[in-house]
Amino acid sequence: MTTSSTSVLFGTIDEVGTALADGSITSLDLTRAVFDHIEAIEPDIHAFIRLNRSDALKTAEEADRRREANASLGLLDGIPISIKDQIITKGLETTAGSKILQGYIPPYDATVVQRLKAAGAIIIGKNNQDEFAMGSSTEYSAYGATSNPYDFSRVPGGSSGGSAAAVAAGAGFASLGTDTGGSIRQPAAFCGVVGVKPTYGRVSRFGSIAFASSLDQIGPITRNVRDAAHVLQVIGGPDPRDSTCRTVPMPDLLSDLEGGPKGLRIGLVKEAFEPDGLAPDIAERVLETANQLEAAGAELVKVSLPSLPHAIAAYYLTATAEASSNLARYDGVRYGQRANMGNARKVDLVDMYNQTRSEGFGPEVKRRILLGTYVLSAGYYDAFYVKAQRIRTLIGRDFQRAFEHCDALCLPTSPVAPFAQGERTSDPLQMYLADIYTIACNLARVCAVSVPAGLDAKGLPVGVQFICNHLQEPMLLRVARACEVQTGGYCPPAPVQGLVTEGP
Amino acid sequence: MSRYAMESILERWEPVIGLEVHAQLKTKTKIFCGCPTDFGAEPNTHVCPVCLGHPGTLPVLNRSVVRMAMSTGLGLHCTVTTESIFARKNYFYPDLPKGYQISQFDKPICTDGWLEIVLPERTFRAGIERVHMEEDAGKNLHDAQTGLSQVDFNRTGVPLVEIVGRPDLHSAEEAMAYLKELRNILRYLDVCDGNLEEGSFRCDANVSIRPSGTKPLGTRVEVKNINSFRNVGRALGYEIRRQARALESGEAVVLETRLFDADAGHTQSMRSKEESADYRYFPDPDLLPLRLDPDTIEEARSALPPLPEDVRNRFKERYELRPYDIGVLTDEKDLAMFFEEIVAAGSEAVAASKWVQTEVLGRLSGDKLAISECPVPAAKIARLLIHQSEGRITGKMAKDIFDKMWRENIDPDVAVEQIGGVISDDTDLRRICAEITTQFPDETAQFLAGKTKVMGFLMGQLMRQTKGKADPQRASQLLRETLQAMDSSEE
Amino acid sequence: MPISRKDVEHVAKLARLQLTAAEVEQMTRELGTVLDYVARLDSLDLDTIDPDFYEESESLPQRDDVPEDSLTQVDALKNAPDDDGCFFIVPRVV
């Protein structure tokens with residue numbers, strides 16, 4: 001192989017797709033190179049809970065055979081991709097970042113995984129994450145934390161921190177994450193990559209380990225917007241196995257991708273720039289990006305989402321309530337870990353449940369289960385859960401009103417830059433408040449994306465977020481692409497490049 | 001009479017009973033996944049990631065369940081709601097894989113119906129509060145040896161309708177009549193096979209008592225684990241008596257759940273379990289609301305098969321049968337249809353009714369056959385009954401021929417011919433009577449001397465001689481005439 | 001105090017979580033903080049606003065009553081923490 005394998009590894013799907021097509025690289029070599037790269041960076045980054053090496057090499061060989069026989073399955077054929085451990089992979093241990101599912105080998109593939117496999121993609125491994133997708137820093141993983149590739153002492157964000165870090169660090173060409181309150185977008189912002197939360201129901205949740213059923217979505221994390229479009233095109237669309245999946249067919253996500261900013265109305269959300277906790281340089285960078293888009297032909301509009309300040313409360317009532325129910329199945333009966341109770345004969349079932357769940361769940365998961373159980377408990381259902389769904393109505397209306405005046409909303413993804421490991425874990429509420437910009441999208445079921453907008457003064461990535469109305473992914477990706485053109489998009493993290501020795 | 005004999009209790013107290021029935025629907029597959037529902041398979045072979053509650057799985061509703069639930073509600077004169085919601089009922093138990101049961105809470109598929117109860121003394125309507133859909137749990141088998149439980153998930157996800165009756169029943173007898181009629185309706189609708197023992201039809205009872213003639217309801221007790229029709233009566237009887245005793249000795253009745261112990265014949269408190277469970281019901285986010293438009297509901301209504309009350313009314317109008325007989329014949333749809341086939345094939349209704357009840361049902365039960373497996377077709381039974389009604393064979397002869405028809409499927413017309421039919425010709429009969437008096441001179445003399453009881457003996461001999469083919473009434477008349485003629489001739 | 005220690009113990013029981021005394025203390029504090037924050041919603045007048053439970057633009061999909069492949073007994077039991085080759089084994093309710 002003559003090309004430097006490391007530069008290819010930080011490249012795009014289109015670039016590597018071309019190299020595969022013209023024979024300058026094989027899928028097998030590419031996959032091997034990815035695994036070598038992972039070996040070099042993992043001790044510092046720990047983006048993976050598990051690697052799928054032998055299986056991946058096998059599928060890589062199959063992809064090469066297909067390519068030789070002119071029977072390639074398409075652009076993703078032979079492309080190494082990683083999957084967040086919240087997503088079910090048949091025959092490959094899946095833990096959702098939790099001890100309670102240690103050893104669980106699923107008997108089926110998530111719909112999204114089936115679709116990727118059908119497209120020839122190579123599953124290289126499962127990414128680290130906050131346990132059961134509950135968290136914003138990946139510090140709540142039961143399998144150790146992940147480091148931010150731009151600064152190993154900082155968090156990569158969460159809960160899809162492993163996915164974002166892997167992609168940022170050149171370990172694979174895309175990753176599938178999950179987003180319930182920002183868990184794709186925020187880590188994408190922290191790791192300087194692209195993260196898309198599709199419209200609720202756009203991508204099948206069959207095989208997405210449920211956290212909050214009315215909020216969860218699976219989405220792509222990639223190094224550039226076009227790659228995200230490629231992956232979303234494959235994984236999205238109707239699925240009869242998910243009753244909440246929309247029946248409208250996937251639109252063509254590429255045809256308008258380079259449509260550019262001319263004629264687009266971009267709404268700047270007034271309330272997004274008000275919070276005290278918003279870092280000034282992030283605010284500055286986001287406004288700068290908006291101005292760049294305006295200069296390139298977009299129209300900037302001021303919009304308001306008056307219910308935005310209530311979103312966090314509504315989110316935590318809804319998400320924890322649904323989670324408390326969704327996590328009841330982890331009881332040590334049919335799969336996963338069961339507490340070692342000693343002499344089984346004298347053991348009481350309820351003790352087994354209590355011990356299994358107490359040992360298997362981490363503190364953040366327990367916190368949310370307790371809160372969620374409380375929210376649903378007798379006497380509180382109306383005051384908490386139903387009330388939260390009323391807020392949801394208000395937030396939905398706010399978005400609809402805003403979208404009457406613009407094609408896409410623009411605001412920060414995260415109010416803060418990637419913080420240091422250990423900095424926020426002692427104050428759960430603080431952690432929750434940082435979700436302010438991402439949460440409303442899940443409540444309103446709209447689609448959103450985080451696009452890298454350069455590095456701040458400390459060399460840490462800043463992400464800018466765009467939000468579009470239901471099922472408007474083509475518009476969303478067009479705006480994201482326009483932004484990427486202005487800001488330059490992804491750049492490989494210096495600390496990672498330092499770890500990797502150049503190839504021959 | 002003892003103060004606590006039921007009759008005596010019912011003078012002082014009025015029981016108030018509402019029944020909750022869970023009926024398994026006869027769909028081919030489960031409510032939320034494509035696993036088969038048939039009974040008796042090897043444990044844990046009719047399961048999939050969805051009904052096992054694996055992480056990441058989601059429910060998809062079976063349209064036949066909706067259809068059958070609608071039919072159930074319509075058969076019970078309910079309103080089918082245009083929007084109903086699936087809700088999660090959250091609790092922990094090994095046979096409940098997801099840690100919640102998908103059921104319906106706030107907005108069930110059907111509300112406000114009734115069914116007609118026919119008792120010897122009166123007919124009345126018992127109210128139905130609601131009908132809703134839910135999924136069944138698995139089976140927990142307790143192993144006394146190991147002190148552990150074995151769990152089989154084949155039954156998890158089998159579709160159920162829960163039918164909640166209003167507390168309109170006031171005795172064990174009414175309760176049993178309610179259950180029989182409800183079971184009948186479900187079988188007529190072909191939505192459930194109504195088998196209490198096998199568990200496809202389960203009953204829990206809510207029981208309270210109040211002083212006779214008063215209105216306010218007493219504290220109610222839920223009684224579970226009633227697994228046969230007979231035990232319904234036993235459990236309710238025990239519970240009514242227990243509550244009467246308690247209240248009359250100054251104790252209160254506790255709001256609780258009690259299990260019926262069939263061996264001991266009593267109900268036992270489940271107080272060792274948790275006090276009132278908090279199921280934390282909320283609308284299931286994985287399933288959208290079920291919307292049924294009026295056209296769909298109307299279509300389901302017009303597609304309903306005849307219900308027991310329809311068939312009973314038809315029988316009342318068309319056939320002159322006693323209410324009791326109508327009750328027996330309409331007890332099962334198949335039986336009602338079978339009876340009507342016999343009548344349609346030319347038999348008279350009363351005769352057909354008698355025959356079915358005395359000859360057919362007994363044999364079916366003995367051979368453990370369902371009516372649909374009856375070895376003798378309705379048309380052939382009709383032929384046999386026509387022969388009997390037209391005097392060609394006696395009742396006994398008919399029975400004998402029927403035996404052969406049952407075992408060997410012979411044709412009744414052929415059999416009647418072979419046997420030679422009844423001897424009804426007077427000439428033949430007189431000749432036989434004369435022969436009898438010749439063969440038994442002593443007895444004849446005794447009769448003529450005044451011992452009229454000897455007639456029985458002589459008739460017996462005559463029937464033996466004719467191999468039962470003589471028409472008994474005619475033969476008896478002629479024998480008398482023969483003897484009387486001899487009597488007068490001797491004078 | 002928006003949530004008491006007793007409340008926390010009660011929901012822990014409902015949720016089958018065993019908490020140490022220290023954990024109960026900690027959870028009471030932390031959940032209290034969150035609930036205090038959530039209390040801001042009380043000032044809103046929401047009586048005329050319908051709750052948004054579902055994405056209403058689709059209707060509930062229904063599948064035909066046709067069997068699909070089930071797992072084999074072996075595969076069904078494969079992940080079981082305790083089984084006897086036929087059933088899942090669990091402790092009894094004592």
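Lettering follows sequence order; numbering is per chain, from 1. Values below: all heavy atoms of this structure, side chains included; hydrogens, waters and symmetry mates excluded.
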Can you say whether [X] sits under 4.5 Å from chain B via the side chain, the backbone, both, or neither, judging by heavy atoms?
| X | answer |
| --- | --- |
| A378(A) | both |
| S214(A) | both |
| L215(A) | neither |
| P240(A) | backbone |
| R334(A) | side chain |
| Y104(A) | side chain |
| D216(A) | neither |

Kindly indicate, with the supporting measurements, whether the criterion side chain to side chain donor-acceptor pair (under 3.5 Å) is fulfilled by T257(B) and E222(B).
CA-CA 5 Å; T257(B) 300; E222(B) 187 187 15; 3.2 Å; yes

Compute whether any side-chain donor of one residue and acceptor of the other, for [X] and [Y], lie under 3.5 angstrom apart.
| X | Y | result |
| --- | --- | --- |
| E134(B) | Q101(B) | yes |
| H470(A) | T199(A) | no |
| Q337(A) | Q102(A) | no |
| K126(A) | T89(A) | yes |
| T178(A) | K84(A) | yes |

Best-contacting candidate, P49(B), C33(B), P97(B), against chain A by heavy atom pairs under 4.5 angstrom
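Of the candidates given, the most pairs with chain A belong to P97(B).
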
Top contributor to chain A contacts, counting heavy-atom pairs under 4.5 Å, from K98(B), H54(B), R88(B)
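Ranked by contacts with chain A, first place is H54(B).
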
Cationic N near anionic O, under 4.0 Å, D152(B) to K139(B)
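Between K139(B) and D152(B) there is no salt bridge, as every charged N stays at least 4.0 Å from the carboxylate O atoms.
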
Is the Y353(A) to F92(B) ring centre distance short of 6.0 Å?
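Yes, the ring of Y353(A) comes within the 6.0 Å limit of the ring of F92(B), centre to centre.
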
Give, as side chain, backbone, both or neither, the part of [X] having an atom under 4.5 angstrom from any heavy atom of chain A.
| X | answer |
| --- | --- |
| N90(B) | side chain |
| V151(B) | neither |
| Y91(B) | neither |

Check the angle between the aromatic planes of Y381(A) and Y385(A) and answer parallel, tilted or perpendicular using the 30° and 60° thresholds.
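Parallel.
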
When heavy-atom pairs shorter than 4.5 Å are enumerated against chain B, which of T94(A), V350(A), I87(A), T244(A) gives the highest number?
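Max contact count across the listed options: T244(A).
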
